[in-house]
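Lettering of chains follows the sequences in order, A, B, ..., and the numbering in each one begins at 1. Just the heavy atoms: all of them, side chains too, but no hydrogens, waters or symmetry mates, feed the values below. The structure presented is a predicted model; accordingly, all values stated were derived computationally and were not measured.
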Amino acid sequence: MADKNVYKPRPISGFPEWSPEVRRTEQRWIDTIRRVFESYGYGNLETPSVEELDVLLAKGETDKEIYTLQRLHEGDGDEGGEARLGLHYDLTVPFARYAAQHFGELVFPFKRYQIQRVWRGERPQEGRFREFYQCDVDVIDLNGVSLTFDAEMAEVAHAVLSTLGIGPFRLRLSNRKILQGYLAGLGVADVIPAIRLLDKLDKIGAEGVVEALQVQLGLAAETAQRCVALAEISSSDASFVEAVRVLGVENELIDEGLEELVFVIEALGHLPEGRVVADLSLARGFDYYTGTVYEGAFLDYSDFGSICSGGRYDDLAGSFINQHLPGVGISIGLTRIFSKLVAEERLDLSRFSPTDVLVVLPGEEVRAVAAGVAQTLRGRGFNVELYHEPTKIGKQLRYAARKEIPFVWFPPFKPGETVHEVKDMAAGVQAEADAETWTPGG
RNA sequence: GUGACCGUAGCUCAGUCGGUUAGAGCGCCAGGUUGUGGCCCUGGAGGUCGGGGGUUCAAAUCCCCUCGGUCACCCCA
């Protein structure tokens with residue numbers, strides 16, 4: 001034993017691995033999400049875990065932490081060691097590739113959802129993984145996507161999050177055109193970095209942002225202040241428009257953005273108060289978003305990261321096909337949400353095992369009877385396991401108790417006997433039963 | 001990628017100023033007689049003290065390197 005060279009297994013940080021009990025709940029979540037997506041008429045797509053690097057990097061965002069795929073011995077031959085494939089970093093890019101590739105067969109507007117793992121080679125942290133599930137819904141259309149869909153995305157995300165019962169949350173919406181037009185109107189050159197800084201408003205505060213804009217981007221104090229003034233605007237109705245007008249910067253792009261955001265916010269007016277708000281500091285997400293942007297967060301854990309996000313993009317598939325394919329979509333961070341609720345012990349892990357009934361095996365001479373009961377119950381839709389060996393009854397019961405199996409079935413202990421009994425483990429009561437008619441309730 | 005902190009049984013941790021066979025609780029396994037779980041009692045298994053090197057008569061303890069982890073930044077679900 002001492003000289004046995006064992007590899008001591010350890011978890012790999014950033015790659016979640018749930019126990020069967022927890023995983024069971026996660027699978028229920030996935031089922032729920034799928035049903036909600038389908039209830040809005042979205043069809044499923046599953047793309048390979050890998051894409052060609054040319055596809056993954058098509059937008060030129062080479063700073064992304066992409067895992068590449070290589071054979072261990074690749075490069076031994078004359079093929080060279082350069083990786084050609086990478087694990088997908090999100091689901092939007094594979095979707096865009098798919099849409100471009102199958103362009104001729106699609107029915108537009110093309111609505112699909114995708115629930116798959118994605119991989120990012122970043123440092124793990126709470127709520128931040130290197131392998132995690134994303135649940136994406138997107139619509140793409142030819143020559144312009146109806147703004148109706150911008151509202152639908154938020155509605156679907158809202159439906160998913162409330163159906164899952166994750167506790168209080170809020171979806172914040174904005175439109176990049178507003179911020180972009182405003183910054184252009186103020187003569188700010190570094191639009192993207194400025195947007196990133198403004199997005200930190202709730203994190204580092206107005207003063208922090210003003211200072212960062214001056215120090216990092218060299219903006220004048222007054223300009224920085226006017227930027228923050230815009231970012232501070234938020235409202236759950238269309239009143240944000242007036243607040244923007246007051247700031248006195250005007251151009252076409254701002255008008256366009258305001259008009260779109262008003263349309264979307266008003267279309268979502270039927271959702272519960274406070275669930276959806278217009279928040280002009282919002283700018284998070286990928287650079288390719290051009291119009292509406294979304295971000296969802298827990299209200300209970302305000303400094304936890306975003307739990308869903310998305311937006312409208314002008315032309316995602318443009319790098320793959322000579323067609324204009326604008327779209328809008330949203331992604332729900334299943335793993336992030338789920339892992340947080342697991343950590344906070346807020347998940348209803350009502351039962352560990354899928355087993356409804358454990359059939360006791362009193363002895364080999366009644367195995368056939370016991371197995372018959374198990375089959376009968378399975379035929380009636382119950383999940384049933386038959387104890388594998390005729391050990392002490394106490395041990396079999398302990399097994400059921402530890403797996404939190406709610407019912408234990410006692411077939412007759414001797415051949416020739418006919419009485420079956422069922423024990424309700426939680427109540428501790430045992431009564432005669434018939435496998436053909438027994439029901440858990442009565 | 002940058003920075004700070006942390007690594008002792010499966011888990012949570014104790015281990016004095018360096019000192020002999022490294023401990024506890026929980027968990028796990030087996031018993032406590034013949035057909036019934038949770039409680040209790042008894043016993044048992046389980047540790048390269050993250051790894052390597054150094055200082056020393058002697059290292060879990062001090063020093064260096066390294067690997068791993070956590071958190072913050074970056075970025076984002």
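Look at the P atom in both B/rU20 and B/rG15: the space between them is 15 Å, to the nearest Å. One P atom belongs to B/rC39, the other to B/rC11, and the distance between them is 22 Å to the nearest Å. Between the C1' atoms of B/rC71 and B/rG52, the separation comes to 27 Å (whole Å). Of the P atoms belonging to B/rU55 and B/rC73, the separation is 43 Å, rounded to the nearest Å. Using atom C1' as the reference point in both B/rG23 and B/rC64, the two lie 30 Å apart (nearest Å). A gap of 25 Å separates the P atoms of B/rU66 and B/rA72, to the nearest Å.
In summary, the side chains of A/Q114 and A/T47 do present a donor paired with an acceptor at a separation below 3.5 Å, with no hydrogens or angles considered. A/K395 and A/Y399 form no side-chain donor-acceptor contact under 3.5 Å, judged by distance and modelled atom types alone. Between the side chains of A/Y42 and A/E152, at least one donor N or O sits under 3.5 Å from an acceptor N or O.
A distance-only check finds no donor-acceptor pair linking the side chain of A/K200 to the backbone of A/G208 [under 3.5 Å]. Side chain of A/R312 to backbone of A/V328: no donor-acceptor contact under 3.5 angstrom is found.
Secondary-structure stems of RNA chain B, taken as three or more successive Watson-Crick or G-U wobble pairs (i with j, i+1 with j-1) under a 3.5 Å distance threshold, comprise B:1-7 with B:67-73, B:10-13 with B:23-26, B:28-32 with B:40-44, B:50-54 with B:62-66.
For the segment residues 117-138 of chain A, residues with any heavy atom less than 4.0 angstrom from an atom of RNA chain B are, sorted by number, A/R120, A/E122, A/R123, A/Q125, A/E126, A/G127, A/R128, A/F129, A/F132, A/Q134.
Sparse packing is recorded around CD of A/E345, with 12 or fewer heavy atoms of other residues, nucleotides or ligands lying under 6.0 Å away. Other residues, nucleotides and ligands place no more than 12 heavy atoms under 6.0 Å from the CD atom of A/E207. Remark: A/E211 CD is loosely packed, at most 12 non-hydrogen atoms of other residues, nucleotides or ligands lying under 6.0 Å away.
Side-chain proximity of A/S13 to B/rU36, B/rU70, B/rC75: nearest is B/rU70. In this structure, of B/rU36, B/rG35, B/rC73, it is B/rC73 that holds the atom nearest to the side chain of A/K203. Here the nucleotide nearest the side chain of A/K200, chosen from B/rC74, B/rA77, B/rG35, is B/rC74. Closest contact between the side chain of A/R398 and the listed nucleotides B/rG37, B/rC75, B/rC76 involves B/rG37.
Rounded to whole Å, the distance from CG on A/D199 to P on B/rA77 is 11 Å. Counting to the nearest Å, the P atom of B/rU34 and the NZ atom of A/K392 are 7 Å from each other. In this structure, A/F15 atom CZ and B/rG69 atom P are separated by 10 Å, rounded to whole Å. Rounded to a whole Å, the CD1 atom of A/I393 is 7 Å from the P atom of B/rU36. Following rounding to the nearest Å, A/M425 (CE) and B/rU36 (C1') show an atom-to-atom distance of 9 Å. Computed from coordinates, the A/L164 CG to B/rA77 P distance equals 18 Å when rounded to whole Å. For A/W409 and B/rG35, the CH2 to C1' distance is 18 Å, given to the nearest whole Å.
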Could you pull out all donor-acceptor pairs under 3.5 Å where a side-chain atom in residues 90-99 of chain A meets a protein atom, sequence neighbours excluded?
unit_1 : atom_1 : unit_2 : atom_2 : d
A/D90  : OD1    : A/T92  : N      : 3.3
A/D90  : OD1    : A/V93  : N      : 3.1
A/D90  : OD2    : A/Y288 : OH     : 3.4
A/T92  : OG1    : A/D136 : OD2    : 3.4
A/R97  : NE     : A/Q101 : OE1    : 3.0
A/R97  : NH1    : A/E51  : OE1    : 3.0
A/R97  : NH1    : A/E51  : OE2    : 2.6
A/R97  : NH2    : A/Q101 : OE1    : 3.4

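Among all heavy-atom pairs drawn from A/I166 and A/I337, the shortest one is CG2-CG2, 3.7 Å.
Both A/G14 and A/V429 lie near RNA chain B, and the one whose nearest nucleotide falls closer to the 5' end is A/V429. Each of A/I12 and A/Y89 lies near RNA chain B, and the nucleotide nearest A/I12 is the one positioned closer to the 5' end.
Residue A/G428 is classed as a base contact, given a heavy-atom separation below 4.0 Å to a base. Residue A/K423 is classed as a base contact, given a heavy-atom separation below 4.0 Å to a base.
An OP1 or OP2 oxygen of B/rA77 is reached within less than 4.0 angstrom by no side-chain nitrogen or oxygen of A/T335.
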